[in-house]
Amino acid sequence: MSDDEPKQGSAEDQGPVTITPALADRLAEKREELFEEFEIRDEFPSEVLREAETRTEGVYEEIEAEIDEREDLRDLTTWTTDPIDAQDFDDAISIEREEGAYRLWVHIADVTHYVTPDTAMWEEAVERANTVYLPDYTIHMLPPVLAETVCSLVPNEDRLAHTVEMEIDEETLSFEDIDIYKSVINSDERLTYKQCEKRLEDPDMPLGEENTLAFELADRMHEQRKEDGSLVLNPRRDRAHTIIEESMLKANKAVTHTLMWDRGVEAMYRVHPQPTPDQWNEALKEIQELDGVSIPGDAWGDDPRKAVNAALEESPERQLNKIQRAVLKVMPRAKYMNDPFGGHHALNFDIYGHFTSPIRRLSDTINHWIVHENDVPETLVELCDHASDKQKDGETAERLYKQFLQEQGLDPYAVNNRGVEVVEDPEEAKHTA
């Protein structure tokens with residue numbers, strides 16, 4: 001999935017999709033076929049699993065021993081917000097209002113405390129390069145026994161984190177100060193997106209004021225990005241998604257700007273080339289020809305991204321996917337590079353990279369290591385190329401698996417959001433193909 005491709009949310013109120021054992025077997029066969037074709041490793045070697053299990057032992061004693069070496073943020077109000085079906089919580093936020101500024105903390109699971117270059121887990125993560133998400137089936141980059149325990153920022157338990165603390169100017173929303181450091185946090189609550197929305201509707205609920213402030217900042221950052229020319233393919237996201245998306249974008253930007261401008265080091269930067277003028281014209285022509293869709297006159301200018309944003313905001317709901325597809329069809333693939341030359345076209349950031357998802361992306365894990373150790377791997381260029389190739393393979397496998405589901409009469413998004421239940425009686429199965 002590309003950086004800006006729309007991601008589907010979870011359906012919190014619907015039951016699983018029911019299928020027969022025969023159909024379940026065909027789905028499993030298709031997955032195995034794709035794993036072989038794209039060299040996707042589904043099973044973890046026993047050595048990696050043993051190592052991961054060992055690192056989950058003595059957790060509290062290890063955290064206690066680390067506290068004196070880290071910033072102790074356990075008294076800071078902190079929370080996570082994720083889909084209802086999330087299995088690990090790798091990012092949390094905190095926020096406070098100050099005179100003339102917002103102070104935003106983004107806390108990320110400290111994966112590289114447990115997964116270091118001298119471990120089998122690191123070697124396996126490098127080989128996998130990312131987590132692959134098929135509808136209702138996940139191939140993890142890190143062993144779940146580690147990712148879902150010591151690296152999961154569960155509520156009311158001390159956890160090791162890598163914190164990005166940002167002082168953000170109230171007027172310009174630019175960085176007044178950035179500090180990146182190792183920390184110990186204790187999350188106050190784990191919210192689903194739906195629960196976050198309830199807090200926003202009723203600020204008197206626990207974390208209501210904090211989420212209201214977080215959305216105030218996130219909404220302003222979102223509007224500023226659009227005004228600056230950032231392509232926003234998902235214009236109608238709910239407020240909970242906006243809080244998390246904008247907070248993570250800001251943290252990623254803070255880290256990679258620090259790496260490039262303050263340290264001048266190589267890292268795994270995310271570079272997104274722009275389409276040619278002819279490709280943009282092709283996309284805009286296709287969008288203009290859609291029924292009920294037009295690009296407002298004041299949106300035409302020298303930046304096609306703003307024209308697309310305007311079309312998305314004004315179009316009927318039924319045409320959103322067609323507009324998104326028209327753009328993605330001409331958009332070059334983003335890739336990892338050891339310098340940020342060229343920037344990220346879709347986001348309209350001059351420098352960008354990943355830091356906020358080290359459980360599922362090798363780039364983030366590598367950047368965590370570089371930030372803390374100031375140690376750039378000798379094989380960084382090869383790692384960038386490998387991660388880019390594996391991401392492409394994973395996305396292709398995802399696309400082909402979704403096509404197969406459709407051929408079998410299944411809605412990929414329903415399967416992804418609601419899961420699958422195998423029922424023995426064909427009359428109880430809605431899908432028997």
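Both backbone and side-chain heavy atoms feed into the values below; hydrogens, waters and symmetry mates do not. Quick caveat: nothing in here was measured; it's all calculated off a predicted structure.
- Listed for the Asn211 side chain is a donor-acceptor partner under 3.5 Å among the backbone atoms of Leu207.
- No option in Thr256, Thr112, Val255 other than Val255 meets the side chain to side chain contact (heavy atoms under 4.5 Å, CB included) test with Val371.
- Proximity of a side-chain donor or acceptor of Glu176 to a complementary backbone N or O of Glu167 within less than 3.5 Å is not detected.
- A side-chain N or O of Tyr137 and one of Asp42 form a donor-acceptor pair less than 3.5 Å apart.
- Remark: Lys226 NZ is packed, more than 12 non-hydrogen atoms of other residues, nucleotides or ligands lying under 6.0 Å away.
- Note that CG of Asn156 and OG of Ser187 are 7.5 Å apart. Values are rounded to the nearest 0.5 Å.
- Side-chain contact between Lys182 and His372: present, with at least one pair of heavy atoms (C-beta onward) separated by less than 4.5 Å.
- Between Glu62 and His113, some side-chain heavy-atom pair lies under the 4.5 Å cut-off.
- The two residues Gln324 and Leu312 have their closest heavy-atom pair at CG-CD2, 4.3 Å.
- With hydrogens and angles disregarded, no donor-acceptor distance shorter than 3.5 Å links the side chain of His354 to the backbone of Asn252.
- Arg220 and Tyr102 share a side-chain donor-acceptor pair at under 3.5 Å.
- Under a 3.5 Å cut-off, the side chain of Asp188 and the backbone N or O of Thr78 do form a donor-acceptor pair.
- For Lys322, the NZ atom is loosely surrounded, since the number of other residues' heavy atoms within 6.0 Å does not exceed 12.
- Salt bridge Glu197/Lys194: absent, no basic N to carboxylate O contact under 4.0 Å.
- Asp158 places a side-chain heavy atom less than 4.5 Å from the side chain of Arg74.
- Residue Asp262 places its CG atom among more than 12 non-hydrogen atoms of other residues, nucleotides or ligands, all under 6.0 Å distant.
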Item to check | From CA spacing to verdict: salt bridge (Lys or Arg N to Asp or Glu O under 4.0 Å), Arg225, Glu246 | outcome: CA-CA 9 Å; Arg225 279 203 304 116; Glu246 296 299 330; 2.7 Å; yes

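- Residues Glu407 and Lys30 are not paired through a salt bridge, judged by the lack of any N-O separation under 4.0 Å between the basic side chain and the carboxylate.
- The minimum heavy-atom distance between Glu51 and Ala120, with the atom names listed, is OE1-N, 2.9 Å.
- Residues Pro340 and Tyr352 have side chains not in contact (no heavy-atom distance under 4.5 Å, counting atoms from C-beta outward).
- Proximity of Lys390 to Met141: side-chain heavy atoms (C-beta onward) are nowhere separated by under 4.5 Å.
- Arg399 has no carboxylate O lying under 4.0 Å from a charged side-chain N of Glu395, or vice versa, which leaves the two without a salt bridge.
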Next on the checklist: Walk me through whether Val232 and His222 qualify under side-chain contact (heavy atoms from CB on, under 4.5 Å).
Outcome noted: CA-CA 9 Å; Val232 181; His222 183 78; 3.5 Å; yes

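- The side-chain heavy atoms of Phe35 and Ile139, taken from C-beta on, include a pair separated by under 4.5 Å.
- Residue pairs meeting the ring-ring contact (aromatic ring centres under 6.0 Å, His included) criterion with at least one member in residues 153-191, sequence neighbours excluded, are His162-Phe355, His162-His368.
- Ion pairing of Arg97 with Glu170 is present here, as a side-chain N (NZ or NE/NH1/NH2) and a carboxylate O approach within less than 4.0 Å.
- Interatomic distance, His257 NE2 to Asp350 CG, rounded to the nearest 0.5 Å: 4.0 Å.
- You'll find the side chain of Leu347 reaches within 4.5 Å of the side chain of Ser230, heavy atoms only.
- A side-chain donor from one of Asp118 and Thr116 sits under 3.5 Å from a side-chain acceptor of the other.
- The CG atom of Asn417 lies 7.5 Å from the CG atom of Asp85; values are rounded to the nearest 0.5 Å.
- Between the side chain of Arg418 and the backbone N or O of Gly15 there is at least one donor-acceptor pair closer than 3.5 Å.
- With Arg305 contributing its side chain and Asp228 its backbone, the two residues share no donor-acceptor pair below 3.5 Å.
- Within the 3.5 Å criterion, the main-chain N or O of Ile93 finds no donor-acceptor partner in the side chain of Asp91.
- Not a single donor-acceptor pair under 3.5 Å links the side chain of Arg55 to the backbone N or O of Leu146.
- One finds the NZ atom of Lys335 at 9.0 Å from the CG atom of Asp385 (value rounded to the nearest 0.5 Å).
- Checked by atom type and distance alone, the side chain of Asp202 never pairs as donor or acceptor with a backbone atom of Lys198 at under 3.5 Å.
- With values rounded to the nearest 0.5 angstrom, Arg41 atom CZ is found 6.5 Å from Arg128 atom CZ.
- When only modelled atom types and interatomic distance are considered, Asp238 and His241 share a side-chain donor-acceptor pair under 3.5 Å.
- A salt bridge between Arg361 and Asp364 is present, with a side-chain N of the basic residue lying under 4.0 Å from a carboxylate O of the acidic one.
- Side-chain contact check for Ile370 versus Pro377: some heavy-atom pair is nearer than 4.5 Å.
- Side chains of Arg360 and Thr131: no donor on one and acceptor on the other come within 3.5 Å.
- The distance between the ring centers of His140 and Phe44 does not fall below 6.0 angstrom.
- Within the 3.5 Å criterion, the main-chain N or O of Pro412 finds no donor-acceptor partner in the side chain of Gln406.
- Between Val293 and Pro316 the shortest heavy-atom distance is CG2-CD, 4.1 Å.
- The neighbour count for Glu209 CD, taken as heavy atoms of other residues, nucleotides or ligands under 6.0 Å away, does not exceed 12.
- The distance from the CG atom of Leu27 to the CG atom of Asp136 is 9.0 Å, given to the nearest 0.5 Å.
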